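Just below is one structure, and these are the notes that go with it.
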Amino acid sequence: MAVTIDGKTYQIGISQYEPIVGKSTIDELRLLASKLSGKVIQNVNSTFTGGGVAEILSRMVPLLQQLGVDARWNIIRGNDAFYQVTKKFHNALHGRKEEITAADFSLFREVSEKNMAVLDQQGDIFFIHDPQPVMLINRKKEQGKKWAWRCHIDISQPDPAVWQFLEPFVVQYDAAVFSAPAFSRELPIRQFLISPSIDPLSDKNRELPQETIDSVLAKYNVPQDKPIITQVSRFDYLKDPVGVIKAFEMVRKSVDCRLVLAGGTATDDPESDKVLAEVREKAGKNPDIHVLLIPPDSNIEINAFQRASTVVLQKSLREGFGLTVAEALWKAKPVVASAVGGITLQIQNKFTGLTSHGIEGTAFALKQLLSNPDYARWLGENGREHVRYNFLITRHIRDYLLLFLAMEHPGDIITL
Ligand code: UDP
């Protein structure tokens with residue numbers, strides 16, 4: 001079946017997932033979805049491309065449609081100044097110090113009000129993702145219906161000023177959804193815990209022929225003559241790309257290897273050009289460091305970089321979930337990642353990968369994996385099974401269908 005969203009056509013068949021997760025899982029999804037037949041689920045976030053939220057919605061929405069649920073996806077619109085503010089909110093909610101002024105809060109209100117005026121009215125459940133569109137809840141009074149706020153970030157230690165601003169909006173929702181218990185806050189509304197997922201059949205994760213991998217690496221001038229360490233991430237301070245280079249330089253003193261830092265920009269992220277410039281300066285002319293600016297929709301390219309890697313790195317300083325970790329684990333790659341946010345759900349240290357602390361700790365873990373290929377392979381294989389059981393899109397769809405049913409039928413016992 002072909003589904004078109006934002007001008008792009010997706011060929012989707014839910015039964016294609018049966019060989020990966022089993023028939024009973026797919027039967028259950030069909031059964032749950034049949035109870036939501038005809039319901040409109042209106043998803044709203046702030047970008048169609050770039051970052052984990054857009055990544056998930058681009059796979060989730062067509063699959064829900066294929067299951068017969070009328071899932072839709074719209075975005076709010078803002079100018080650069082608005083995204084400067086929402087980026088500051090994002091950083092501050094993750095606990096980073098940001099100067100946020102009264103003018104910033106007014107701009108947020110002003111742009112949100114414009115978006116409230118043009119919100120697509122249709123929806124039985126309004127599923128609002130992350131802080132940028134949170135104020136859309138002001139439409140609930142006249143709109144009615146059910147509203148859920150899906151928070152993809154770790155707000156366990158937010159900057160109080162930003163949280164005090166957002167909380168009055170959040171508490172008007174019928175429910176809040178967090179990725180993990182540790183990310184949530186005490187709220188007077190229902191809370192659901194649903195971790196994100198990856199799609200094993202997307203271009204980013206499906207099996208690739210070796211020729212495709214080779215041609216992508218050749219296109220980006222990355223020789224495969226020695227071990228490759230890769231981090232795929234938007235150029236963002238919280239992904240610590242400069243720290244990645246420092247750790248690599250320590251590893252490179254004793255192990256001959258290359259570093260690939262691949263990433264692009266997101267339309268709702270105004271900081272990336274500055275970060276990229278700093279990364280390029282730090283990389284200098286080192287021929288073993290490949291800083292690659294990749295266009296949006298580089299799914300096969302990212303897949304190829306991850307598959308060509310000896311070790312995948314995710315040295316984030318803060319993280320919501322860290323889809324890139326699940327993507328690498330699904331490819332049975334050994335992963336070194338900081339023990340922050342949702343990474344700790346994915347990497348059980350010394351079993352599904354290695355968690356690391358700081359630059360020296362990261363360098364140490366990288367060296368350990370580069371010099372122990374059997375151990376690295378064992379971690380990668382465990383990681384793939386951990387993702388199969390916990391972080392594939394079929395589990396995620398099931399959780400969302402149950403969430404929608406629970407919202408439509410509060411207090412009911414749902415019988416299957
Ligand atoms: N990604 C991408 N292009 C890039 C950088 C990242 O498509 O230039 C993808 C990456 O493969 C993953 C998602 O965007 O699927 C990033 O999600 P993650 O949770 O790792 O981080 P976020 O960007 O949401 O903070």
Side-chain angles (χ1 to χ4, degrees), residues 8 45-60 83 86-87 89-91 93-94 96 129-132 150-155 179-180 183 195-206 208 216 220 230-241 244 260-273 275-276 279 290-307 309 312-331 333 335 337-338 340-347 387 391-393 396:
K8 282 186 221 148
N45 76 321
S46 62
T47 177
F48 282 125
T49 51
V53 180
E55 175 75 20
I56 292 169
L57 285 171
S58 72
R59 305 301 300 177
M60 176 69 78
Y83 291 124
T86 57
K87 180 73 189 187
F89 280 15
H90 177 90
N91 290 339
L93 288 169
H94 268 302
R96 198 175 125 171
H129 298 260
D130 275 347
Q132 299 93 329
R150 199 327 174 192
C151 180
H152 294 265
I153 54 188
D154 175 355
I155 55 163
S179 296
F183 297 2
S195 54
S197 65
I198 58 161
D199 184 342
L201 298 181
S202 66
D203 282 344
K204 190 164 278 164
N205 296 310
R206 67 180 166 83
L208 286 182
V216 169
Y220 281 93
T230 300
Q231 175 163 303
V232 174
S233 277
R234 293 175 295 101
F235 287 98
D236 182 322
Y237 290 113
L238 294 181
K239 309 289 182 183
D240 198 19
V244 169
V260 171
L261 265 173
T265 55
T267 50
D268 62 349
D269 180 359
E271 252 178 7
S272 44
D273 291 345
V275 178
L276 178 60
V279 169
H290 304 262
V291 179
L292 309 177
L293 180 61
I294 52 176
D297 280 335
S298 297
N299 295 323
I300 291 184
E301 287 77 0
I302 289 174
N303 190 341
F305 291 135
Q306 289 168 333
R307 287 186 189 278
S309 303
V312 169
L313 176 60
Q314 191 60 52
K315 202 200 160 301
S316 305
L317 301 174
R318 296 276 194 288
E319 194 56 79
F321 178 70
L323 284 179
T324 48
V325 171
E327 289 161 6
L329 293 177
W330 179 244
K331 296 170 183 101
K333 290 293 160 184
V335 175
S338 317
V340 294
I343 288 175
T344 54
L345 302 174
Q346 304 181 65
I347 306 269
V387 171
F391 303 119
L392 292 186
I393 195 161
H396 200 176

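As the structure lists them, so they are numbered: ligands from 1, and atoms in each ligand from 1. All values derive from a computational prediction rather than experimental measurement.
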Looking at D236 and R318, is there a salt bridge between them, counting it only when a charged N and a carboxylate O are closer than 4.0 Å?
no

Quick one: list whatever passes side-chain contact (heavy atoms from CB on, under 4.5 Å) with T230, sequence neighbours left out.
I228, V232, V260, F305, S309

NZ (K333) and CZ (R307) are apart, to the nearest 0.5 Å, by 8.0 Å

Within the 4.5 Å heavy-atom criterion, are S197 and V387 side-chain neighbours or not?
no

Which parts of the protein, at residue level, reach under 4.0 Å of ligand 1 through a heavy atom?
G51, G52, E55, K204, S233, R234, K239, G263, G264, I294, I302, E319, G322, L323, T324, E327

Using side-chain heavy atoms (C-beta onward) and a distance below 4.5 Å, is F183 in contact with C151?
no

Is E327 reaching over with its side chain to a backbone N or O of I198, donor-acceptor style, under 3.5 angstrom?
no

